[in-house]
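Here the structure is a predicted model, which means the values were calculated and not measured.
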Amino acid sequence: MGSLENGISLKRAGSRNERHPFSSRPRSRFSRLLLFKKLDYLQWICTVAVFLFFVVFFQMFLPGSVMDKSQGSFLDDKDSVFGELSYLKEMGALDFGEDIRLEPCKLLEKFQRENKLVNLDSSSGFNRSQHRFHYRKPQLALVFADLLVHPQQLLMVTIATALKEIGYELQVYSLEDGLARNAWQSVGVPVTILKVERNEIAVDWLNFIQEPFKSIPLIWTIHERALAIRSREYTSSGQIELVNDWKKVFCRATVVVFPNYALPMIYSTFDSGNYYVIPGSPAVVWKGENAMNLLKDSQRIKMGYGPDEVLIAIVGSQFMYKGLWLEHALILQALLPLFADNNSNSHPKIIILSNDSTSNYSMAVERIALNLRYPSGVVKHVAVEEEVDNVLSMTDIVIYGSFLDEPSFPEVLTKAMSLGKPIIAPELSNIRKYVDDRVNGYIFPKENIKVLTQIILQVISNGKLSPLARNIASIGRETVKNLMVQETVEGYAFLLENILKLPSEVAPLKAVAELPSKLKEEWQWNLFGDFLNSTLGDRSANFLNKLEEQWNHSRREKFGSLIAVDDSFSYEIWEEEKRTHILDTKRRREEQELKDRTDQPRGTWEDVYRNAKKADCMRNDLHERDERELERIGQPLCIYEPYFGEGTWPFLHQNSLYRGIGLSTKGRRPGMDDVDGPSRLQLLNNPYYRDTLGEYGAFFAIANRIDRLHRNAWIGFQSWRATARKASLSGIAETSLLDAIEKQKNGDALYFWVRMDTDPRNNMQRDFWSFCDAINAGKCKLAFSETLKRMYGLGQDFNSLPPMPEGEGTWSVMQSWALPTKSFLEFVMFSRMFVDALDAQMYDEHYQSGHCYLSFSKEKHCYSRVLELLINVWAYHSARRIVYVNPETGAMQEYHKFKDRSGKMWIKWFSFNTLKVMDEDLAEEADSDHLKRRWLWPSTGEVVWQGVLDRERNLRNRQKETRKQKSKDKLERMRHKHRQKALGSREHF
């Protein structure tokens with residue numbers, strides 16, 4: 001289902017100039033066409049055009065003419081009748097709804113556009129040589145409010161069984177336990193019951209994120225109407241904030257999936273263009289199994305019918321349109337032969353079911369039956385919405401009286417078949433697809449109504465259902481039990497295929513066509529057989545009640561006691577607050593005036609300037625140096641935690657060992673002394689490079705003029721993802737690390753605490769370069785080789801890579817490590833040149849199209865996965881010790897010892913002297929070039945070489961000489977200053 005405002009494609013065959021009754025209401029196009037329920041049908045009948053039609057229709061064809069002419073006058077002359085109907089349709093007087101198309105326009109267009117781009121890339125040779133690595137399966141999380149036995153559990157178990165066969169790895173999470181847990185365990189899906197506690201990380205959602213992305217693709221399935229009904233109550237009671245909060249929730253979902261096309265209309269208030277329909281659900285059949293146990297006779301007595309009477313139910317489309325009354329008239333016309341024997345006392349009774357609850361339509365049905373000369377009390381209109389199952393359970397025959405070809409099999413027919421009722425329906429495409437004529441139902445051409453008469457005379461024999469009809473109803477009940485399973489499974493598989501962009505280390509999925517037929521043709525009834533007769537409670541209402549209580553409680557905490565029960569605003573409180581504010585302002589102004597009038601000692605202008613500057617410096621120092629800052633000064637190590645947005649706040653530490661660094665000016669933690677990354681490095685104000693560099697932007701921001709920010713001997717970084725994965729340092733590990741640093745146990749070493757061999761992306765324990773290739777679409781080694789060539793100015797025939805030993809320990813991932821500050825600056829020097837060379841070869845393609853050869857699909861974080869492993873290459877080949885710190889126990893183990901590295905390290909390439917010369921050459925070029933071309937390196941940090949230092953030294957010397965000259969001039973003026981004699985003084989001779 002597309003957007004109900006802009007996305008639904010409502011295409012009509014011809015243009016009309018009719019005036020819609022609700023045209024002035026701010027409804028969506030879908031609602032304006034299909035949700036009007038208060039049409040004055042009697043007014044329609046009384047209009048001139050329809051009145052003339054009724055005169056001709058009832059006098060020439062109904063009902064005496066039909067009886068006297070052996071039922072041939074109207075039914076045989078169907079062409080002329082349908083010609084009249086077509087004429088009325090062209091005038092706009094009738095609308096049968098057959099020209100309405102329901103399509104998920106926005107989502108389908110997005111899928112088609114992305115698939116088209118993928119095809120163009122494939123045909124143009126982009127990523128031609130890429131291949132997937134079978135390192136792990138794509139993971140899906142299924143989250144439920146509870147695990148109570150319910151049709152939704154049966155639906156999701158069936159879908160999960162098929163998805164697991166396709167190649168997905170699934171995990172079930174639920175807030176409450178229930179009997180459905182056994183069904184999940186029987187199909188091999190692990191179940192976790194969540195304990196929702198404040199500041200407690202219950203789920204490692206990083207397993208389901210396409211790292212390093214910031215959000216999780218979310219599919220929300222909705223099967224109930226409860227929230228839509230509540231939303232109307234919220235609006236009428238003025239709880240607009242609650243409605244807006246629900247709109248945000250709907251907008252957060254990547255896709256909102258409904259099982260039929262009626263629910264999206266009901267939820268049109270929350271539509272943000274992400275609605276989608278996957279028809280098919282066992283809920284209707286589940287309820288039908290329970291309804292079969294209801295007492296049929298008690299329902300009949302309640303409705304005023306006898307136990308032996310034959311009841312015929314005429315049902316229709318779930319959508320409302322203007323031609324509905326005429327369709328009912330045609331069906332009633334075709335049923336008239338059942339009443340040919342005027343003396344019979346066993347006439348069947350007819351119930352017309354519709355969603356229109358207005359009395360006008362009941363009057364219209366009575367008028368139609370009266371003009372057709374039906375016996376009094378035979379035809380009855382019943383308006384049903386939620387209780388349609390009870391009405392259908394007591395009927396004997398169900399006739400589908402709508403000629404609208406709905407987008408899927410009508411739900412009301414599914415209910416009738418599940419109740420064991422023989423159905424008779426027009427030959428529409430989505431009905432003919434599942435119903436075989438005279439096998440599991442009856443089919444009649446919608447252009448030939450007299451076939452319906454023939455069918456009904458065969459179904460009812462001697463005032464009872466014929467044996468053939470009973471057998472057909474029994475077969476239909478078995479057919480509908482597994483109706484549309486294939487469409488549902490394939491629909492969810494198609495949706496996942498289009499919204500998930502799987503990384504390169506994920507194994508490819510099987511095609512849906514390769515699934516065993518049993519998984520696509522049957523719901524998993526065998527797992528729920530013992531619970532089919534269980535009563536389904538109102539789960540949605542209870543859940544919404546809890547949410548409303550939580551929302552009201554949080555709102556009271558936020559606004560305090562000023563919020564009244566009826567949310568009314570207290571004008572008296574506002575007036576009192578205003579008067580108090582005026583009095584306080586007046587008192588402060590008087591005190592300031594009195595203070596200014598008192599005598600105060602004044603010094604020279606130099607003293608005033610010096611005191612003001614000193615007070616300003618003291619104020620800045622007091623502002624920055626809170627308790628954590630003061631504690632941090634005396635520590636040997638400070639660990640910085642880069643973050644972006646409020647969603648990462650729960651994963652950041654608040655003690656003095658850690659300090660956050662925000663990669664954006666927005667989403668900063670209030671009351672914390674976090675570093676503002678963009679203010680330290682202007683490059684982070686550029687959204688492209690902020691996303692592309694990721695956490696590397698924090699490295700460059702900290703290293704830029706580091707002496708103004710960081711004064712600790714050691715520096716560390718820890719990704720918030722490490723905390724989310726529960727791989728961050730514990731208190732014991734922090735103490736162990738600080739002790740090793742203070743005692744200099746390992747000297748100039750790289751300490752890390754997130755291992756590559758425990759990374760979920762590396763389940764097969766691959767070596768360094770194989771793992772790097774796996775997470776970078778097989779192009780990591782190519783990217784490293786090309787970058788080193790450009791960085792060191794090597795020839796194209798150079799194809800070597802820095803060797804990284806296999807089977808000799810592990811490596812650091814997820815940017816969680818610590819280094820001496822001096823070594824960190826050396827690493828940043830190397831990284832700036834590496835990133836600049838990498839950007840030079842990828843920027844044009846990635847910036848313009850969003851593609852880079854390190855990923856199979858468009859992404860903002862093109863080479864962040866390459867940079868994630870760069871620290872290992874630098875540390876190994878620059879002869880640093882590499883020490884692993886167990887994040888739980890603090891135990892340390894050194895990997896890749898020096899004796900094992902002999903003859904393998906590229907020391908000359910990674911030595912400080914080599915990198916320093918290269919850095920100065922780049923700085924000299926940048927200083928002389930004055931950025932006449934696009935060049936990333938000068939924007940990643942300081943530009944320093946000997947010429948810059950000499951220029952700064954000369955500038956300082958000139959400023960010093962200028963100050964000296966000003967001092968001399970000042971003294972000279974004071975020496976020759978003219979002093980005026982005191983007034984009134986006398987000279988003594």
Side-chain angles (χ1 to χ4, degrees), residues 56-85 96 309-316 323-344 346-353 365 368-375 378-380 395-403 413 416 421-428 431-432 435-439 441-470 472-473 476:
V56 177
F57 185 79
F58 287 112
Q59 295 301 324
M60 295 183 61
F61 304 109
L62 305 178
S65 300
V66 176
M67 301 299 294
D68 295 341
K69 297 181 182 181
S70 302
Q71 308 160 13
S73 178
F74 171 69
L75 298 177
D76 291 337
D77 198 15
K78 60 182 182 298
D79 293 336
S80 63
V81 174
F82 277 94
E84 294 291 338
L85 298 183
F96 293 102
E309 290 182 307
V310 176
L311 296 184
I312 302 175
I314 301 177
V315 298
L324 182 63
W325 61 269
L326 183 56
E327 292 174 344
H328 288 161
L330 294 174
I331 300 298
L332 290 175
Q333 166 65 27
L335 298 182
L336 267 178
L338 291 174
F339 302 88
D341 185 5
N342 294 326
N343 298 323
S344 176
S346 60
H347 288 156
K349 299 298 177 63
I350 300 176
I351 302 176
I352 298 179
L353 302 178
V365 170
I368 294 174
L370 178 63
N371 283 279
L372 289 172
R373 298 184 183 178
Y374 269 90
V378 170
V379 180
K380 183 179 180 181
T395 59
D396 298 292
I397 304 170
V398 176
I399 300 176
Y400 189 71
S402 174
F403 298 150
L413 289 184
K421 311 299 179 182
I423 64 168
I424 306 174
E427 190 173 5
L428 304 173
I431 294 178
R432 196 71 178 86
V435 178
D436 294 331
D437 189 23
R438 302 179 187 278
V439 176
Y442 293 92
I443 299 293
F444 67 90
K446 66 177 183 179
E447 296 85 3
N448 194 352
I449 300 297
K450 69 179 181 180
V451 177
L452 173 58
T453 303
Q454 298 171 1
I455 293 175
I456 199 65
L457 292 175
Q458 296 173 7
V459 172
I460 299 178
S461 177
N462 298 324
K464 296 181 179 180
L465 284 180
S466 65
L468 178 60
R470 295 181 184 275
I472 289 176

Could you state the interatomic distance from [atom1] ([X]) to [atom2] ([Y]), rounded to the nearest 0.5 Å?
| X | Y | atom1 | atom2 | value |
| --- | --- | --- | --- | --- |
| Ser461 | Leu468 | OG | CG | 10.5 Å |
| His328 | Ile399 | NE2 | CD1 | 10.5 Å |
| Lys349 | Asp396 | NZ | CG | 12.0 Å |
| Ile455 | Leu457 | CD1 | CG | 10.0 Å |
| Ile352 | Trp325 | CD1 | CH2 | 13.0 Å |
| Leu335 | Leu330 | CG | CG | 11.0 Å |

Self-check item: Least distance between heavy atoms, Ala334 atom then Leu452 atom
Solution: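 In terms of heavy atoms, the two residues are closest at CB-CD2, 3.7 Å.
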Exercise. Give the minimum heavy-atom separation between Ile314 and Gly401, together with the two atoms involved.
Key: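 Nearest pair, atom of Ile314 first, then Gly401: CG2-CA, 4.4 Å.
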Beyond-backbone contact of [X] with [Y], side-chain heavy atoms, under 4.5 angstrom:
| X | Y | value |
| --- | --- | --- |
| Gln458 | Arg438 | yes |
| Val398 | Ile312 | no |
| Gln333 | Leu372 | yes |
| Ile424 | Phe444 | yes |

Would the distance check show the side chain of [X] and the main-chain N or O of [Y] forming a donor-acceptor pair, the cut-off being under 3.5 Å?
| X | Y | answer |
| --- | --- | --- |
| Asp437 | Tyr442 | no |
| Lys421 | Thr395 | yes |
| Ser466 | Ile460 | no |
| Glu427 | Lys446 | no |
| Tyr374 | Leu332 | yes |
| Arg470 | Ala473 | no |

Quiz prompt | side chain to side chain contact (heavy atoms under 4.5 Å, CB included) partner of Ile423, the single match among Val315, Val435, Ile443, Ile397 | solution =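 Testing Ile423 for a side chain to side chain contact (heavy atoms under 4.5 Å, CB included) against Val315, Val435, Ile443, Ile397 leaves exactly one candidate, Val435.
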